[in-house]
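Working notes, structure below.
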Amino acid sequence: QVQLVESGGGSVQAGGSLRLSCAFSGYGFSGYCMGWFRQVPGKEREGVALDSPGGAPTYYPDSVKGRFTISRDNAKNTLYLQMNNLKPEDTAIYYCAAGGRPFRYCNGRDVGIYNYWGQGTQVTVSS
């Protein structure tokens with residue numbers, strides 16, 4: 001069974017940076033599609049960095065492109081989200097998610113494939 005635990009959230013001023021971590025336990029981390037999502041109360045959950053194994057391009061929406069970077073450390077079974085030049089509109093609860101079946105083809109941009117979720121970590125950006 002896959003379990004995901006996020007950490008690294010907090011409060012930061014606009015223009016600052018944070019790095020979120022997601023510890024993955026279970027089998028096959030390097031073979032899953034992995035993604036970071038965020039949600040603000042009353043709004044739909046938004047994928048902010050969606051990654052497919054095997055070298056397919058990572059998806060970033062325009063709202064975060066050039067500021068957010070997703071990465072994996074397969075030796076540590078850990079997913080990261082580096083967030084730079086943060087803006088107040090980035091304030092949200094951030095979740096990591098794993099999707100698909102390990103080492104089977106998956107398209108990280110297909111948000112419907114994500115079936116394992118962490119508990120979320122709060123990011124607050126003040127102006």
Side-chain angles (χ1 to χ4, degrees):
Q1 182 74 356
V2 170
Q3 291 187 324
L4 303 170
V5 179
E6 302 97 336
S7 61
S11 297
V12 64
Q13 288 193 326
S17 297
L18 284 174
R19 187 176 79 158
L20 305 183
S21 299
C22 174
F24 174 106
S25 60
Y27 168 73
F29 171 70
S30 63
Y32 275 96
C33 281
M34 298 296 298
W36 287 97
F37 294 78
R38 67 186 180 187
Q39 190 165 25
V40 175
K43 293 190 176 181
E44 287 192 6
R45 188 166 51 200
E46 174 190 20
V48 296
L50 305 176
D51 185 62
S52 307
T58 299
Y59 167 76
Y60 301 97
D62 288 344
S63 57
V64 308
K65 196 174 293 182
R67 301 187 298 120
F68 289 13
T69 304
I70 190 173
S71 62
R72 305 180 187 228
D73 185 333
N74 291 333
K76 295 182 178 179
N77 279 4
T78 302
L79 183 74
Y80 301 100
L81 182 68
Q82 179 67 44
M83 305 185 294
N84 297 328
N85 190 21
L86 282 160
K87 304 176 180 182
E89 52 264 41
D90 295 318
T91 296
I93 300 175
Y94 284 72
Y95 300 89
C96 76
R101 296 171 66 185
F103 307 107
R104 298 284 185 94
Y105 170 78
C106 61
N107 179 359
R109 296 189 62 168
D110 180 359
V111 297
I113 68 167
Y114 291 92
N115 46 1
Y116 298 104
W117 294 85
Q119 82 288 351
T121 186
Q122 176 71 45
V123 171
T124 302
V125 184
S126 58
S127 57

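Hydrogens, waters and symmetry mates are skipped; everything else that's a heavy atom, side chains included, is used.
In this structure, Val40 and Glu46 have side chains that are not in contact, with every pair of non-hydrogen atoms separated by 4.5 Å or more. At a threshold of 4.5 Å between non-hydrogen side-chain atoms, the residues Tyr59 and Asp51 do not count as touching. Contact annotation: the side chain of Cys33 approaches that of Ile113 to within less than 4.5 Å [non-hydrogen atoms, C-beta and beyond]. Between Pro53 and Cys106, some side-chain heavy-atom pair lies under the 4.5 Å cut-off.
Side-chain contact check for Ser17 and Asn84: at least one donor-acceptor pair (N or O, by modelled atom type) lies under 3.5 Å.
Hydrophobic side-chain contacts under 4.5 Å tie Phe24 into a cluster, directly or through other members, with Val2, Leu4, Val12, Leu18, Leu20, Phe29, Tyr32, Met34, Trp36, Val48, Tyr60, Val64, Phe68, Ile70, Leu79, Leu81, Met83, Leu86, Tyr94, Tyr116, Val123, Val125.
In this structure, the side chain of Gln13 does not engage the main chain of Ser126 through any donor-acceptor pair within 3.5 Å. Checked by atom type and distance alone, the side chain of Ser21 never pairs as donor or acceptor with a backbone atom of Tyr80 at under 3.5 Å. Counting only distance, with no hydrogens or angles, the side chain of Thr78 and the backbone of Lys76 share a donor-acceptor pair below 3.5 Å. The backbone N or O of Thr124 sits nowhere less than 3.5 Å from a side-chain atom of Thr91 that would complete a donor-acceptor pair.
The minimum heavy-atom distance between Gly108 and Ser52, with the atom names listed, is N-OG, 2.7 Å. Residues Ala97 and Tyr114 come closest through the heavy atom pair CB-CD2, 3.6 Å.
With rounding to the nearest 0.5 Å, the separation of CZ in Arg67 from CD in Gln82 is 12.0 Å. Note that OG1 of Thr58 and CZ of Arg109 are 10.5 Å apart. Values are rounded to the nearest 0.5 Å. The structure places SG of Cys22 at 5.5 Å from CD of Glu6, a figure rounded to the nearest 0.5 Å. Rounding to the nearest 0.5 Å gives a distance of 13.5 Å between CD of Glu44 and CZ of Arg38. One distance of note links CZ of Arg72 with OG of Ser30; it measures 7.5 Å at 0.5 Å rounding.
Contact check on Lys87 versus Asp90 returns no salt bridge, with no Lys/Arg side-chain nitrogen under 4.0 Å from an Asp/Glu carboxylate oxygen.
Counting heavy-atom neighbours within 6.0 Å of Gln119 CD, excluding the residue itself, gives a total above 12.
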